[in-house]
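In what follows, a structure is listed as structure tokens, so that the remarks can point back to it.
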Amino acid sequence: MARLVATMLFAAMFPSALALAQTEPGEGGGAPVQVAPQHSDMVVRNAMLIDGSGAPLRGKVDIYVRGGIITEIRDSTPILSSTGLALEKQGGTDFDGFTIDAEGRFVMPGIIDTHAHLYPPTPRAFIYKLFLAHGVTSLRNLDGNFGEGTTVPEGILSEKKRIAAGQVVAPRMWVYPFLPDSVRTADQVPALVKRWHELGVDGIKLVRVGNQYPDMVRALGRETERYGMGLAIHIPQSASPGVNALVAVNGGATTIEHHYGYPELALPHTTIPVMPLSYNYDDERQRFRETLAIWNQTDMDRLLSEVAPELAQASRDGRFTMNPTMVVYEKQRDFTRAANVPWLDRYARPGDLHRWRTPDPSRHGAIFDRWTSNDEASAAQAYRNWMRFIREYVWQGGHVSVGSDSGGPFQLYGFQTVRELELLLEAGLTPLEVVRAATQNGARVLQQPRMGVLRPGFVADMVILDENPLEDFKVLIGRGPVDKATGQPQRRSRIRAVIVDGRIYDPDRLLADVENIVSAERRGDGS
């Protein structure tokens with residue numbers, strides 16, 4: 001019944017969107033993928049606009065779209081002067097395209113998740129639909145390609161083309177494969193970057209310890225910039241101090257992933273973090289404990305007064321954007337919360353949930369069979385320092401983006417993206433700064449200067465919501481646990497529609513398809 005009511009509400013707003021839907025075969029036991037029709041001409045009327053630039057909410061406005069590009073934004077009702085005359089002349093031409101009445105609703109740009117993974121055996125429909133249902137309209141895919149090899153991009157590039165052609169229900173995709181281990185020296189970099197650029201690769205992710213040398217970083221930065229590609233660097237702690245955040249940024253990194261490489265720049269009385277002499281980087285439990293704890297060794301006054309301004313200036317003047325992905329480490333400061341958020345039992349695949357809740361120190365990030373209260377307290381203090389650093393960097397004019405790194409233990413796609421917004425808010429950014437990080441700054445990461453902001457001439461990827469996300473980012477969560485109006489369990493998403501490239505998607509239908517995938521897997525498991 002809840003799904004029927006939600007579908008009726010969606011149909012009332014968009015009467016032709018459902019009737020024109022096409023299908024392609026589903027996967028993973030889920031319902032058939034719904035491929036929405038593409039509307040070349042569209043107008044969203046009477047909307048309260050959050051444009052993504054950091055400008056305040058305004059409206060009501062009418063947003064005109066042609067060919068997936070915003071052509072005009074007009075006041076729904078002209079603003080009058082004290083004499084009764086319109087302050088601005090309202091232009092525009094006759095319009096007979098697809099009309100969406102967003103009366104009483106809020107419109108913001110689609111969210112850009114700048115750190116995503118697409119790993120097997122998770123069904124593609126499961127990943128894509130969870131992201132879309134939470135307002136994520138673009139993904140920067142850092143190495144995931146459904147098992148075809150993290151350094152073999154042809155398969156995922158084919159998927160990217162299918163998405164761009166409207167053959168798959170999915171956010172837009174940008175592809176960043178791992179730098180292959182076969183590239184061991186800086187003089188091998190130019191040929192690889194040139195070949196990958198010709199294939200259509202958007203950027204490269206550097207993560208392997210064996211490739212983390214300053215000359216490799218400089219070569220990758222120089223060659224990716226030559227071809228307009230990006231360079232995402234995950235700085236393994238074992239690569240520092242040879243490569244830290246400043247070395248990476250000065251070498252041409254467009255993003256630094258996670259929290260590594262920053263606190264090492266302001267250690268007191270040493271250039272190398274103090275760790276147990278028995279520390280082994282390849283021991284997951286030790287690695288996750290000790291690398292986060294470096295934030296508790298650093299000289300915070302020096303980090304805030306010297307390092308943050310230097311990085312912020314590099315960001316203002318160049319291509320660098322900080323991509324913290326705070327959400328992926330949050331379970332280290334409160335494992336109980338991470339393992340028991342209310343949507344896991346409904347939307348997590350049963351096999352994943354079983355693995356996540358079964359201690360196994362051989363798995364990446366599986367550290368919690370021996371994670372103590374002291375470990376959580378240390379992580380919580382590290383987060384306080386890390387967040388102070390992020391806040392100072394942003395106050396100094398540095399750019400920060402939103403990445404979720406979803407797919408690991410207790411990290412559900414889409415849900416984690418929204419949680420990252422909340423963590424940026426906790427760090428001290430204002431709601432408008434957080435939205436800008438998730439939209440305009442995400443477009444900066446993708447090197448797409450006409451995305452991420454709702455303005456004429458820009459891509460018209462949009463999210464329409466029942467409630468104001470600036471007042472509560474939880475309105476972006478797919479069917480949150482409680483309906484504030486009734487006090488009862490949430491029966492429908494507060495996102496009314498997600499629009500990608502002129503295609504309109506109903507989050508309730510997307511979530512229902514995900515539930516079908518989960519239910520089918522439970523039946524297959526005999527549960």
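- Ring orientation note: the planes of Y262 and F389 are tilted relative to one another, at an angle of 30° to 60°.
- Side-chain N/O atoms of S401 and T114 include a donor and acceptor closer than 3.5 Å.
- Aromatic pair F415/W343: ring centres closer than 6.0 Å.
- Here the rule is side-chain contact (heavy atoms from CB on, under 4.5 Å) with I112, and of N441, T439, T417, L446 only L446 fits it.
- Among residues two or more places apart in sequence or in another chain, the side-chain hydrogen bond (donor to acceptor under 3.5 Å, both in side chains) test is passed with E290 by none.
- Of the possible donor and acceptor atoms, one in the side chain of T430 sits under 3.5 Å from a partner among the backbone N and O of E433.
- The existence of a salt bridge linking R172 and D202 is excluded, since no basic side-chain nitrogen approaches an acidic carboxylate oxygen closer than 4.0 Å.
- Using cut-offs of 30° and 60° on the angle between ring planes, the pair Y393 and F320 is perpendicular.
- You'll find the ring centres of Y413 and Y128 outside the 6.0 Å limit.
- Contact annotation: the side chain of I256 never approaches that of H234 to less than 4.5 Å [non-hydrogen atoms, C-beta and beyond].
- Checked against a 6.0 Å centroid threshold, the rings of Y383 and W386 count as neighbours.
- The side-chain hydrogen bond (donor to acceptor under 3.5 Å, both in side chains) check on D352 picks up R349, R355, with sequence neighbours excluded.
- In this structure the side chain of E521 reaches within 4.5 angstrom of the side chain of P123, judged on heavy atoms.
- Distance check, rounded to the nearest 0.5 Å: CD of Q286 to OG of S278 gives 5.5 Å.
- The residues R333 and D375 are annotated as not salt-bridged, no charged nitrogen and carboxylate oxygen being separated by less than 4.0 angstrom.
- The shortest side-chain heavy-atom distance between L421 and V435 does not fall under the 4.5 Å cut-off.
- Q381 places no side-chain N or O within 3.5 Å of a backbone atom of N296 that could act as its donor or acceptor partner.
- Remark: R184 CZ to L179 CG distance equals 11.0 Å, nearest 0.5 Å.
- Under 4.0 Å is where a charged nitrogen must lie from a carboxylate oxygen, and between R140 and E257 at least one such pair does.
- In this structure, R496 pairs ionically with D508, as a charged nitrogen and a carboxylate oxygen lie closer than 4.0 Å.
- Remark: the backbone N or O of S404 is paired with a side-chain donor or acceptor of D113 at under 3.5 angstrom.
- A donor-acceptor contact closer than 3.5 angstrom is absent between the side chains of Q237 and Y281.
- A salt bridge is absent between D466 and R494; no separation between the charged side-chain nitrogens and carboxylate oxygens falls under 4.0 Å.
- Ring-plane geometry between H115 and H258 is classed as tilted, the angle between the planes lying from 30 to 60 degrees on a 0 to 90 degree scale.
- Side-chain N/O atoms of N141 and H117 include no donor and acceptor closer than 3.5 Å.
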